[in-house]
A.B. asks: 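Pasting a structure here, questions to come.
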Amino acid sequence: MSRIFSGVQPTGNLHLGNYLGAIRNFVRLQDDYECIYCAVDMHAITIWKDPAELRRNIREVAAAYLASGVDPTKSIIFAQSSVPAHAELAWIFNCIVRIGWLNRMTQFKEKAGKNRENASLGLYAYPSLMAADILAYKATHVPVGEDQKQHLELTRDIAQKFNNDYEVEMFPLVEPLILGEATRVMSLRDGSKKMSKSDPSDYSRIVLTDGRDELAKKLRKARTDADPLPEKVEDLADRPEASNLVGIYAALADISKADVLKEYAGSQFSTFKPALTELALEKFGPIGEEMKRLMADPGHVDAILKEGAERANAIAEPIIKEVKETVGFLIP
Ligand code: TYM
């Protein structure tokens, strides 16, 4: 049986990368799979967060899922902390995962920065909780952006080691689903850095709730080189900023980068950027509007999260029981 699990951190500033790399694919997969989509609030506190802001951001992630087209009557939408199996399985996985494996995680290195001694233990153990998120449901496929690939490889290693250590066939080896032309959207200010929620510059990212003015301004200011767009995709190889904008256009229009270049080869950015702005507005202007409407009605969003938590719990509970029995815990 195939089952999808994925999650987004409620850390605010949901951006175009989150949408094109992940959330849009969540919507597309729900007709073919049983889908479980989470706001990973326990991951969000690995770096201190203001509680009121966290509550708002959890609802924002749920609103983004709904506004993008995740259908709560088909897919499950819930908050991680409301299903105890995540934390329980994460502890068991903490005893499976090797410190050496965690030391290789690039996301930890980036987020902890130079002062590693001062990072939280939670930030270090983050990938173990992520493996628990997925495997608490024995999910088989995980749609994510490119940056999460290493964490999914670790999830496979944890599953494999658990199965070996306890001589069971408990956990599947998950397959990442990294789909589309924009699996790694880069910062609008620096084509060598990925677009991220935590970049201090608002001009580095397009957020889902940006209106016409913000969008137009951010794209106008987006860094580019001075050349017109080339004819061939290969010629974008050493032009990271141009390549990024062409990739965003391709993903939004649902065509290939080559097709974008067929239309825009020879164009200057002064022509291409306004076209991209119009396309972006058309594609996610309505999503931003719907998100704002949903955020103004937290009761509705909370009811969906509550029902989702019940459905998620019903799947995870028997699995965590089976895991506890396997490791030798007594089930009272
Ligand atoms: P997060 O919250 O950083 O990002 C959410 C999703 O958006 C993708 N993404 C991007 N895709 C393309 N270009 C970008 N610039 C970009 N930035 C982010 C991410 O790859 C992700 O799919 N660890 C995860 C959350 C998580 C999770 C899970 C995901 C926790 N448990 C279980 C899948 C399964 C994270 O920090 O995502």
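Counting starts at 1 for both ligands and their atoms, in listed order.
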A.B. asks: Please list all pairs passing the ring-ring contact (aromatic ring centres under 6.0 Å, His included) test where one or both residues lie in residues 40-64, with sequence neighbours left out.
C.D. replies: H43-Y126
A.B. asks: Establish, for the pair K221 and Y203, whether the NZ or CZ atom is under 6.0 angstrom from the six-membered ring centre and no further than 45 degrees off its axis.
C.D. replies: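 Yes, a cation-pi geometry holds between K221 and Y203.
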A.B. asks: Between L188 and R205, does a side-chain contact (heavy atoms from CB on, under 4.5 Å) hold up when you go through it step by step?
C.D. replies: CA-CA 6 Å; L188 299 180; R205 67 185 153 254; over 6 Å; no
A.B. asks: Just by distance, with hydrogens left out, do S243 and K257 show a side-chain donor and acceptor under 3.5 Å apart?
C.D. replies: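 Side-chain D/A pair, S243 to K257: present.
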A.B. asks: For ligand 1, list the protein residues that place a heavy atom within a distance below 4.0 Å of one of its atoms, sorted by chain and number.
C.D. replies: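 Within 4.0 Å of ligand 1, protein side: F5, S6, G7, V8, Q9, H15, G17, N18, G21, A22, V40, H43, Y126, M130, D133, I134, V142, V144, G145, D147, Q148, A182, T183, R184, V185, M195, K197.
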A.B. asks: Please confirm whether Y264 and Y249 have ring centers closer than 6.0 angstrom.
C.D. replies: yes
A.B. asks: Quick check: are there more than 12 heavy atoms from other residues, nucleotides or ligands sitting under 6.0 Å from NZ of K321?
C.D. replies: no
